[in-house]
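Per chain, numbering begins at 1; letters A, B, ... match sequence-line order. Worth saying up front: this structure is predicted, and the values here are computed from it rather than measured.
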There are 2 protein chains.
Amino acid sequence: MKRRPTIMDVAAHAGVSKSTVSLVLQGSVQVKPETRASVQRAMADIGYVYNRAAANLRSASVGLVGLVINDLRNPFFTEFATSLQMTLASHGYATVIANSDEDPALQAKLVGSMIEHGVAALVISPVYGEAGDTFDQLARTGIPVCQVLRKGDERTDLFPFASFDYAAGSADATRHLLAQGARNIAFVGGLAGRAITHERKIGWREVLRAADMTEVALHGKSSRGFGLQAADMLIADHPKVDAAVCFNDLVALGLMAGFARAGRSLGQGFRVVGFDDIEEAAQGWPPLSSVSCDIAGFARDTADRILGWMVQGQRPIPEIRSPVRLVARMSSLGQGE
Amino acid sequence: MKRRPTIMDVAAHAGVSKSTVSLVLQGSVQVKPETRASVQRAMADIGYVYNRAAANLRSASVGLVGLVINDLRNPFFTEFATSLQMTLASHGYATVIANSDEDPALQAKLVGSMIEHGVAALVISPVYGEAGDTFDQLARTGIPVCQVLRKGDERTDLFPFASFDYAAGSADATRHLLAQGARNIAFVGGLAGRAITHERKIGWREVLRAADMTEVALHGKSSRGFGLQAADMLIADHPKVDAAVCFNDLVALGLMAGFARAGRSLGQGFRVVGFDDIEEAAQGWPPLSSVSCDIAGFARDTADRILGWMVQGQRPIPEIRSPVRLVARMSSLGQGE
DNA sequence: CGCTGGAATTGGAACGATCCAAAAGCTATG
DNA sequence: CATAGCTTTTGGATCGTTCCAATTCCAGCG
C-alpha cells in the first residue's frame, strides 16, 4: 500500500516548492497562471488529495457546522436538516448531520465528537431530559451553539433558542373550528408534560376558556396509531365532541382513519385540524387542514443566525418564535350543513 | 480569546510528560492507575478537549464512516441512515451523514469533503445520472466504498452494490392479486427509464405474460400526487383494470385516496398493493398491502460488510439482493365477493 | 549597466497529537 | 548490593499543511 501523496510530492513533480503548491491550493491570486496550471497538472497526475486534518492543525478554522438532531426519522427534522445544509453550503460551509435518536448518552458522544473534529458552530435539537454536562462542555469551548425546536438548556443567553409560535397556531386553529360551527372541540395527541405539547395545547385552551366551553384532551404518542385509538375513545366516551385540534398531522390522519374505520366518514359533522402541514396533509383524502410551519424558511433564518454569529461575532437574540399559518382544507370546512 | 489547551498544558498541570498524557488518552493499560487519575483530573481542571485533527495527522486512522444519501427527506433513507449509524456506533465508529439531494455536483463536493476529512469508509446511495469522476476519485483513494439501493457506477467489483430483490417482490404481489381474483392488473408509478422502476415492474410483467394478460402501466413521479391523478386516469381510460401493483406506498395511498375521492371506495372490487411497507401502510384506513423491505436488517448487513472490509480487508460480494416479503392487508384481500 | 520596487517564489518554523526507542523506577534474586 | 527483568515514563522525531519573513525574479528607468 503506497502512502497518500503530499504537497511535497506535488511540488517535486511540478518543480516548485511546497509553499507554492500551498498557495495554489488556497487559490491565491499571486501565483503566476502558468505555475498554477503546472501545479494543478502535477496534482492530477499523481492523484493528490488534500489532507484537511493537516491543514486544520495549522489554521484552526474548519468550514464545518455540526447538526445534532433528536429524531432523524421525523420528516419535520429531515426537512429542516436538508434546508439548513443547503443554505450553509451556499456560504461555503459543510454540514455534518448526526442523529441522537433521543438518547442522552449518544447525544453527549456526538457533541463531543463534533467538538473534537473542530466544528465552527453547532445547531442542536436536544433530547428531552438530562443532558448531563453536554452544554457545560459546549459553554467552555465557546463555539456558537443554537438550540432549535426544543430547549435542552435554559441558558438561552449562551445557547439562543429558536422555535415556532405554536400557541398562536393552536389558537388560530381553534378559532377557525369555532367559526365553522364546532361546539365541542377536543385536543388530541402529544405526550403530557412535554413543553411542546403544552405549547400546542395552550392556545386551544385559552380560546375554549374565552368561549366558556368544556375541555376534552386525550394525550398520547404523537403517532398515527394513537390517532386511531383516540377516534374509538372519542366515539365511545365523548360523543358530543364534534371537532379536534390535533398535536400533529400524524395524529390527525390517524384520527380520520379511525373515524372512517368506525364507519363514520368525515362530512358527518366532525372536523379536524392537524399541525405541521406535512406533504400528506394536502395530498391525502380528504385533505387535512393543518397549521403550517415554514420549515425551509426557519432553516434559512437559523443558518443566517449561525453565520452572523460565526462570521461577525454577533450573538443572536436569546429566544425567537417564527410565525405559523393555518391552512384550511376540507377536513375542517363546513360540508354543506 | 484564550487558546485551546493542549496535551502539553495537561502534562504541565499534572506534572508528567506529554507522552504519558497521550497514553492516558488512548486508554493504554501500561500507565499506573494513580497517574491516570491525576492526568484525568488535570484534563478536567483545565477543560482540555482532544484535538482530533492533530491526532489524525500522525496516526491516519479515523473512526469515521461517511454516508451520502441522495434524498434525506425520504423516510426509506432516514430509516436506513439511522440503523446504519447505530450499528456502526456499537463498533466504535461515528457516522457522518450528508444529503446530496439528487444533485451530482453537490454529491461530488460531499464525497470530496469526506475523503479530505479522512473517512475510513463510505456508504453511498448515488444520484442518478452523471457522477462525473466522483467514483474514479474514490477508486484512487482505495477506501472501502459500498453502493446501496442504487447503482451509480457499474464497477461493482470496486464498489460492491447491495439492494433488495424488488423483482421478486413485485412478482409476489402480482401473483397474490391474481390469487385474490384480480383479472386486470395495472402497474402504477415510478419514472420510466429508471433502474428501480424497471426492477419493480419486471416481476409484474413476467407474471402477467405467463398468465397472458394485458399490461397497463402508468408511469410518473413516485408521489401521492401522482397516485391521485392515476386513479382518475384509470377510471376514465381503463375501466376494466381491477387491481394495481404500485411503485411504492405513496403512490398506492394516493391511488386509494383518488378512488375514494371519485366516490369509488375500496371494497368495490379494486385491489391495491404498494411497495416499501411504510408505517402508514399498516396504520391508515383501509390498511394497505405492501411489499416490505427490512431496512433495519439491511442496514445492519451493510454495516457488517463495511466493517469486514475495513477491519479484516475482506472485500464483499460485488452484488447482493436482500429478500423482500409481501404483507397482505385489507387493500388487496377479497372483500366478500 | 546598476538600481528599484512590485510580483512571484521559497525555506523554515509552527500546529498538537502519536510513535518509538531509550531511560528511569521498581521489585525480586543471587 | 549488584543485577536482571519487569513496569512505567519520557524526550525527540514525525505527520502534512499553513504562515511568515526573506529571497529571487524581472521589467522599467535613469
Q.
Can you pull out every ring-ring contact (aromatic ring centres under 6.0 Å, His included) where at least one residue sits in residues 4-45 of chain B? Sequence neighbours excluded, please.
A. none
Q. Whole-Å distance between dG16(D) P and Arg4(A) CZ?
A. 9 Å
Q. Partners of Ser17(B) by side-chain hydrogen bond (donor to acceptor under 3.5 Å, both in side chains), sequence neighbours excluded?
A. Thr20(B)
Q.
Under a 3.5 Å cutoff, is there a donor and acceptor pairing between the side chains of Asn70(A) and Ser100(A)?
A. no
Q.
Testing the 3.5 Å rule here: is there a donor-acceptor pair between the side chains of Thr141(B) and Gln137(B)?
A. no
Q | Lys109(B) bridged to Asp103(B) by N-O distance under 4.0 Å | A | no
Q.
Students should find this one: the first and last nucleotides of DNA chain C, 5' to 3', lying under 4.0 Å from a heavy atom of chain B. What are they?
A. dG16(C) to dC19(C)
Q) side chain to side chain contact (heavy atoms under 4.5 Å, CB included) with Lys32(A): which residues, sequence neighbours excluded? A) Glu34(A), Thr35(A)
Q: Answer yes or no on whether Arg150(A) is positioned over the face of Tyr128(A), meaning its NZ or CZ is under 6.0 Å from the six-membered ring centre and within 45° of the axis.
A: yes
(Q) Please enumerate all residues that pass salt bridge (charged side-chain N to carboxylate O under 4.0 Å, His left out) together with Glu319(A), with sequence neighbours excluded. (A) Lys151(A), Arg321(A)
Q.
Base contacts versus sugar-phosphate-only contacts with protein, heavy atoms under 4.0 Å: please encode nucleotides 17-27 of chain D as B, S and - from 5' to 3'.
A. BBB--------
